[in-house]
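Read the structure below first, then the notes.
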Amino acid sequence: MQQEPAPLTRHLRVRGERGYTVLEFRGEIDIAAAAEILPHLDAATGTPGARVVLDLRPTEFFDCSGLRLLARARTRVLDGDGRLHLVCTDPLTLRVLRVTGMARLLPPRPTLDAALEQPETTSGNL
């Protein structure tokens with residue numbers, strides 16, 4: 001039985017799954033939450049060949065600070081020839097991702113399994 005890890009911060013839980021680092025964003029992702037998440041995001045995305053999944057399902061609110069985190073993660077992972085996938089199901093967050101163009105750059109998947117089963121290509125290439 002797999003035990004759920006304790007959150008690193010009030011807004012973030014990090015765990016390994018199938019060779020990926022899964023960063024689960026939790027609660028309200030605003031400027032204060034982004035400041036808590038940023039060092040952990042940088043640690044997960046800063047190594048060459050990083051394999052990262054950003055899971056937004058447990059979020060209750062997601063503003064432009066969250067979008068900046070996604071853009072930063074994408075840039076860092078692509079610079080290191082890694083893989084980045086996004087999981088999101090909230091209709092309002094999905095709308096924000098579509099309107100801003102982030103959904104095109106980092107296509108959201110409906111489940112963690114769907115993200116982890118993506119082909120072994122670098123996601124989000126232009």
Looking at [X] and [Y], what are the two nearest heavy atoms and their distance?
X: H85; Y: A115; value: CD2-O, 3.5 Å
X: R109; Y: A114; value: CB-CB, 4.1 Å
X: A50; Y: V77; value: O-CG1, 4.0 Å
X: V52; Y: A44; value: CG2-O, 3.5 Å
X: R51; Y: G19; value: NE-O, 3.2 Å
X: L41; Y: L69; value: CD2-O, 3.5 Å

Answer whether the closest heavy-atom distance between the side chains of [X] and [Y] falls below 4.5 Å.
X: T45; Y: L23; answer: no
X: D90; Y: L56; answer: no
X: D42; Y: R72; answer: yes
X: T111; Y: V87; answer: no
X: L70; Y: L97; answer: yes

Distance from [X] atom [atom1] to [Y] atom [atom2], nearest 0.5 Å?
X: T100; Y: L67; atom1: OG1; atom2: CG; answer: 5.0 Å
X: H40; Y: I37; atom1: NE2; atom2: CD1; answer: 8.5 Å
X: L86; Y: F25; atom1: CG; atom2: CZ; answer: 9.0 Å
X: R57; Y: L112; atom1: CZ; atom2: CG; answer: 5.5 Å
X: L92; Y: F61; atom1: CG; atom2: CZ; answer: 10.5 Å
X: C64; Y: D30; atom1: SG; atom2: CG; answer: 9.5 Å

Step by step, work out the side chain to side chain contact (heavy atoms under 4.5 Å, CB included) result for R18 and D113. CA-CA 10 Å; R18 295 188 229 166; D113 282 338; 2.3 Å; yes
Donor-acceptor pair between R68 and S65 side chains, under 3.5 angstrom: yes
Ignoring hydrogens and angles, tell me if any N or O in the side chain of R13 forms a donor-acceptor pair with the backbone of R26 under 3.5 Å. no
